[in-house]
Structures are given as structure tokens and as C-alpha cells.
4 protein chains.
Amino acid sequence: MTIVTGAAAEDQERRAPGRPRSARAERAIVDAVLDLLAEGVPADALSIEAVAGRAAVGKATIYRRWPNKEALLVDALATLKGPLPELAGESVRDDLVALLRPVGRSSLSRASHILPCLITEIKRSPGLLHVYQKIMEPRREAMREVLRRGIDSGELREDLDLEVVMAMLVAPMLAQSMINWNPWLDRDVLPERLVDAIWPAIVPAASPR
Amino acid sequence: MTIVTGAAAEDQERRAPGRPRSARAERAIVDAVLDLLAEGVPADALSIEAVAGRAAVGKATIYRRWPNKEALLVDALATLKGPLPELAGESVRDDLVALLRPVGRSSLSRASHILPCLITEIKRSPGLLHVYQKIMEPRREAMREVLRRGIDSGELREDLDLEVVMAMLVAPMLAQSMINWNPWLDRDVLPERLVDAIWPAIVPAASPR
Amino acid sequence: MTIVTGAAAEDQERRAPGRPRSARAERAIVDAVLDLLAEGVPADALSIEAVAGRAAVGKATIYRRWPNKEALLVDALATLKGPLPELAGESVRDDLVALLRPVGRSSLSRASHILPCLITEIKRSPGLLHVYQKIMEPRREAMREVLRRGIDSGELREDLDLEVVMAMLVAPMLAQSMINWNPWLDRDVLPERLVDAIWPAIVPAASPR
Amino acid sequence: MTIVTGAAAEDQERRAPGRPRSARAERAIVDAVLDLLAEGVPADALSIEAVAGRAAVGKATIYRRWPNKEALLVDALATLKGPLPELAGESVRDDLVALLRPVGRSSLSRASHILPCLITEIKRSPGLLHVYQKIMEPRREAMREVLRRGIDSGELREDLDLEVVMAMLVAPMLAQSMINWNPWLDRDVLPERLVDAIWPAIVPAASPR
DNA sequence: TACTAAGCGAGACGGTACGTCGCGTCTTCTT
DNA sequence: AAGAAGACGCGACGTACCGTCTCGCTTAGTA
């Protein structure tokens, strides 16, 4: 790991001959995909021909970059990013609620329209799993941080199984955003309700289990 | 020829004229769909022509009954039923674990191969929501029953929010079976781990929050 | 071969058991066919389902009587008859023209709309040949009669080849009515033009026209 | 880069963008059609799928060129050409007979199998009329030439109505080849019989046949 | 009068072909 | 070489008829 590495790399993979690939085309393609998805096209009904048309690009230009529809989808969705909510940092409960809220019935951004589709498509296109994880990891880390802070401050019990707690909080919200109805609850899941319900299990116990 | 005839006829809604639809064909079609799904055809790649071929039926015979692929899928999946696991009834914890286990990585029956697809398809075909609920309701009721028994016996706290608890237990399992990997856990979610984690929140509290 | 045969036959083929075939249905079917043809349906585009619908008759009722579409067509067309033109009987030339005229661009009756199709269909359905002959024979006989009368009166030469003359007169007219354009003439063939052209060949040799 | 270029380009109607249509496919399709017809497929029973299969071509490749079956048929048949019979040129009678003979019961070439169908199809597909005329015109011109030469040599009368004579000679032959039976003659029309019958009408009036 | 056998309308049946659409690849000319 | 354009072989779509097969209901002649 030297400073030279960069330059060396530049030398080594010397510029391919011929016309370089157009960055413009690449962006146009990805944008076309996201636009179509945002317009409600059902992701598997998304036709390469439509993408090419919308992007004013030849089909070959797409296939030169991605081997098939799935790969294109993966890359297109990978460009999506929602901003992390800002945390007050005053109480564990409030921070958890703030982190959970945007997972539910979606907000207004283009991303929030598309992301739920993403999860649904993972089964069909396992490649999307990585995409999904990459997008989600910052949020998971934020939640982990909140919990760790709670433990440090003594607000939460020391032997907390972070991952399981996170799963139990997030999964119900997610299920709901996926199918627009929560199959286990009679009405919308409110983050508060989830946090309050699990609360006794995550605070230091007066009584041993 | 009595006065009642008219009313009777009205009641038993007078059989339609012409040759009645063949129950045999109907069964063959639905079976073909389920067979193909069980063989791993990705549900949206399921072609009507393949179904017709497999069922030894004309395409028109399918379209006469269902207006499109989705409607057929809904009806076909609606015929699926998995057996409920038998409960020992001795401890709440064991019963919960027994009910959760089959939700995870699927068992062997044809149904268990197909059901996870179902959830994934709900977004695409909202009609499947009813199907899903119909299949799931007996299981939810069973779990509710277990929890209620626990409350009655004093094993669980009286003010339990049944629905939220169920959601927190089932949703993580389901998410995992859907996408073959649990996005919030480093490894497979075991039902025991979930139940144990939430346990302090559902047993009578020695200490108030 | 006795006189009784007729009566015997009557006895022998005693009324079949069961409900006799409905003459009404039969007529309705044939009428439906002719109506559809008269409306311009291209004879081979004539669908049995359309006929059944128009005749308010079950498809089976058609197939019980005719083995296939062609047979039905043959029988339906066989019911067509156009009236013979009345002949003045004063001059051979005028009578020939009168007989030829209706062969050309069709008159107004339903028959005249359909007959040209008939000829076109003969190739496809050889059974129609007999139909065609049956319809045409009276007209041919009439023309033959006119020519014979001309011979008897000395107006025409004695050694006339009746059939060839008739062919040369009728075929051009017919070709034209078949394809709505005469492939060998720059404009419509007028019967007069044909008769006049052949005249020197059919009158006694020495006499000038 | 000259000023002329623009004009030149305009003249040679600037080639369309994209991959040009495959001449190979076009030929294969037309050949498939003609082959199937020559094998006796009844022209309206000719299925596009069969053509596509035989030509090893996608159906879309056919529909990209022709809007429907009829148009394809027209173009396919238009490629047919039979050779003109050679004329001795010694006597008008012999030349006429030579020209008429191939119109009757067909010879052996693929064309002769198909051409009679063509006439039958004209009613159905008026576009075929042009095809038919294009194929026939050379033969009509040949016959016209023979007659004109006869007039010049004094063998035929000067005021002959060429077109009508040709119609009277050809139409009976054609009718016969169309329906495999001549409706006005008891047996096959022989060209000789026709020519001889009309002879007195086409030679100068005074001279005996 | 009741029975029986066929005809009746309706319409479903397993098929075949239709004409359209999208796939992923290819072939052309232009940049 | 990459660009756009668009044709290629393929295969599924949903529709229309084919000729056959049930249905429940007449509609006769026979018993």
C-alpha cells in the first residue's frame, strides 16, 4: 500500500483502444430504470426495450454493460440512498422510534417508492441481497450504536442480544411496508408500540429471568 | 308444478344452460400450476402454455375460467394448506417454538415450497393477500390460543399486547424464509433465540417499567 | 323393377324413432349462410359459429346435417336460382345478348351477389361443381335452343359447333364477373361486342354480315 | 464533402438506420410459400406458422415485411414466371394454338401448379390482380403480335377486334384450368377446336375457310 | 298415459393458428 | 471500438374457430 499504487494502476490498466464508454449513456440507462420503477412499473414487467427507449439508447449499449435485466436492476437500485434520520440522542426509546419510523409506510422520496419492491425482488434476484444490505447497513449500524449507548449508560441491560432485538423491531415494520398491510397486526404498526412492548425485555431486570 | 317451484328455483339459482364446466379440467389446471411451482418455476415465469400442456387442457379452457395469470395463481395457491404442528401444551415456551419453527427454512411439503413465493407475490398481485390471510389465520389463532392459555395460568402477564408479540416473533422468521437470509441477524434465526429474547417482556414483571 | 317399388320404399324406410329433425332449423341455417355470403363474407371466412349464431341454432344441429363447412356451402348454394331472362324470340342476335347480359356485372338479386363466389370456390370444393352445373344447365339449354332455332331458320350455319360457340361467348363474360375485371379486355365486355365479333363465324359462309 | 453530396444523398434515398432486413430471410420466406403451394396446400390453408417453420424464420420476421397473409401471397406469387412458348411463325393458326395450349391443363413446372390457384384467389385478394396481369401481359402481347402479323400479311381481316378475339380464345381455356372442367363443353377444350371455330370470323370475309 | 329415443339450444372441450410483444443477439452505419 | 437503430430467431401472450362432447329440455311415435 504505497502512494505510487494509484499511478501504477493507471499505467497498468492502460486505456482500452477505441471509443470509451459513454458515462452519459450509463447514467441515462440507470435513470430510466429508476424512473420507470418510480412510475409504478412492477419491476419484473420492466422491459429492456422500454428502458432503452426512455434512455434514448440502443439495447446493445445496455447489454454491453449488464448481462441481463436482473444485473441492471441490481446496479440501478444500488444507486438509491435515503438519508439517515437525525437522532436527538437524549433517550434510547426516542432514538429507536426515530430510526424505525421511516421503515414503515413510505415517505415521499423516489427511493421510498422503490425500496419495498427491492425486498420483494430479492427472492427472484438473489443479487439484490447485497444491494439491500449495502443500503441497510448504515441504518443497522446506527441502531446498533443507539443500543450500545443505552447499555453503556446503564439504561439497557448488559447481556442484550443486539441482533435479535433489532430483528424483532425492524421485521414487523418491514413486512408491513412490503405488502402494505401487516399480516399480524389488526392495524398499522406504530414504532412506539413495538418499542414499548419489548421494553421490559431490554432494560435491566429487577428479577432474574 | 307448485308455487314453491319458482322460489326454489330462485334459491338454487337455476343451472346455467350448455355443457357444464368440467371439474376434472379445473382440478388438472390447478394441480399443474402447483406442480410447476413446486418444481421451482419462479411463479412469474409460469407460462399459461406450460400449464395447459401439463394439464392436457386447451388454453381456452384456462382463459374461460380465469381472466389472466394472476387470477389463476390466486386460486391455485388458495388450495394450499399446511397441517398445523401439534402442540404439547405443557409449556408456553415450547409451544411457541413449535409454532414458529415451520415458518423458517421450509419443511418438505409442496406447500412449504410454494408459500414463501406467495408472500413475495402479494405486492404484485394484491389478490393474494386474502389467500395468504386465509392460510395463515388458523396458525395465528393457534398462537393466540397458546398465549391466552399462558395468561390464564399466570405464566404470562395479564396486559400482554398479543398482536404485537406475535408480530415480533413471526416477522423475523418470515423475513428469513422469504429471502433465504435474515437481513438483521448474522446467522439463522432460531425460534428459541427469539422467544428467549422477548421472554422478560411477556412474563409478569417483578419490577414495573 | 316394378311399379310397387315406390310404395315399398315408402314402407321400408319407416319413420326413424325419436324426434324428427326440425325443418325450421334447416331453413334457418341455410338462410343464415346465404345472408352472410350476401353481406360479403368471403365464403371461406364464413365461420360455422357465425352461422349457428345468426340462425339461433346449436352448432351440433349443423354438424348433425352436414359433415363440414364445404358440404353446408354446397347445399346452401344449391338453393339459389336466378330467373331466366325472357326472350323476344325475334332475332338470334338479340336473344343471345339477352342471355349473356346477366352473366356479366351482376344484377341485384341475392343470387347474383353470391354466384360469382361459387365459381371461385369450385377449385376449393369440387362438390360445388355439380351445384354450379345444376344452376347453369337451364341457361345453357336456353342458349342451345336459341342457336338451334337459328339453324333451323337458316339464320345460322348448319354445321355449327354449339358447345364451342357457347363457351366462347360465356367464358369471357364469366371471367369478368369472377374477378371484377376482364383480364383480356381493356374495358367491360359488352355482350353485343362478343356476339358481333363471332357473327361471321356462325352465319352461313357466303352471306356477309 | 461537396455541395453535390446532399443532392446525391437525396437521390439515392439515404439508407435507413439500423440493421438492414435480411435478403436471405426474405428469399427463404417466399420460397417456403411457393414450396408449400406447390405441395398442394390450398393457398388459404397456408399457415404463417408453417411458412415460418419451413423457412426457419421467426413469425415476426414475416410480419415485419408483410401485414398479413394475403400480402405475402401476392408478393410470393409475383415472383413466378413461366417461359413463353416458342413460336414457329409460319402460320397464324399454329402460333395461336401454341400460345393457347399451356393455358389449359397445366404443364409440369412449379408455376403451372400454382398459377390457376392465383386466378381463383383474385376475388379474395384483389391485390393479386396486378400480379396476374404482370405475369400474363407478355403472353397477351405475344398473341397480339401474332394476330397483327396475320393482318399485315393479309391472312386475317383488317378490322379485327384484337382484344375480343383474344378473350374468346383464352377465357374458355382458362375457365377449364381453373375448375378442372369446362362448364360449357362436354370434354376438354382443345385449342385447335377454338381456333377453327372462330376462324371464319377472323379471316377476310370473302375467302372460304 | 307413460316411455323411449332422437333432436334441440347452449356452451365447454382439446386443439391450431392468429397477430403482437419482449427477449438477448446480430449487423448495419456513424461518431 | 462504442454509439443508435433496428432486424434476427424464439417463445408466450390472449383471441377466434375448429369439430366433438355433454348438459337439461322438447317432441314425436310406441306401448
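Each chain gets a letter, A, B and so on, in the order the sequences are listed, and its residues count up from 1.
- Counting non-hydrogen atoms under 4.0 angstrom, R64(B) reaches a base of the nucleic acid.
- At whole-Å resolution of the value, NZ in K69(B) and P in dG22(E) are 14 Å apart.
- K59(C) approaches A52(C) most closely through the heavy-atom pair CG-CB, 4.0 Å.
- Remark: P of dC18(F) and CG of L72(C) are 11 Å apart, rounded to the nearest angstrom.
- Picking from dA12(F), dC21(E), dC18(E) the nucleotide with the shortest atom distance to the side chain of A60(D) gives dC21(E).
- The interatomic distance linking R21(C) (CZ) with dA5(E) (C1') rounds to 13 Å, in whole Å.
- Position along DNA chain F of the nearest nucleotide to I48(C) versus A56(A) favours A56(A) as the more 5'-ward residue.
- Atom CG of N68(A) is separated from atom C1' of dT25(E) by 14 Å (rounded to the nearest Å).
- Atom CD1 of I62(C) is separated from atom C1' of dC17(F) by 13 Å (rounded to the nearest Å).
- If Y63(D) and E26(C) are placed on DNA chain E by their nearest nucleotide, the residue sitting closer to the 5' end is E26(C).
- Annotation: of the two residues near DNA chain F, T61(D) and S47(B), the 5′-most nearest-nucleotide partner is T61(D).
- Here CD1 of I48(D) is found 4.5 Å from OH of Y63(D). Values are rounded to the nearest 0.5 Å.
- Between the CD atom of E49(A) and the C1' atom of dA7(F) there is a distance of 11 Å, rounded to whole Å.
- The distance between atom CH2 of W66(D) and atom C1' of dA7(F), rounded to the nearest whole Å, is 14 Å.
- Across all strands, L46(A) comes closer than 4.0 Å only to sugar-phosphate atoms, never to a base (heavy-atom distances).
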Given R54(A) and E49(A), is the side chain to side chain contact (heavy atoms under 4.5 Å, CB included) satisfied, shown in steps?
-> CA-CA 9 Å; R54(A) 163 83 62 131; E49(A) 309 220 319; over 6 Å; no
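- An OP1 or OP2 oxygen of dC13(E) is reached within less than 4.0 angstrom by a side-chain nitrogen or oxygen of R65(B).
- Nearest-nucleotide assignment on DNA chain E puts the 5′-proximal partner with P17(B), out of P17(B) and G18(D).
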Derivation and outcome, salt bridge (charged side-chain N to carboxylate O under 4.0 Å, His left out), residues E26(A) and R64(A) | CA-CA 11 Å; E26(A) 193 133 353; R64(A) 203 172 288 122; over 6 Å; no
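- At whole-Å resolution of the value, CZ in R27(C) and P in dC8(E) are 13 Å apart.
- On a pure distance criterion of 3.5 Å, no polar donor-acceptor pair joins the side chain of R19(B) and the base of dC13(E).
- Base contact: K59(A) has a heavy atom under 4.0 Å from a base atom.
- For the side chain to side chain contact (heavy atoms under 4.5 Å, CB included) criterion with I29(B), the lone passing option out of L34(B), D75(B), T61(B) is T61(B).
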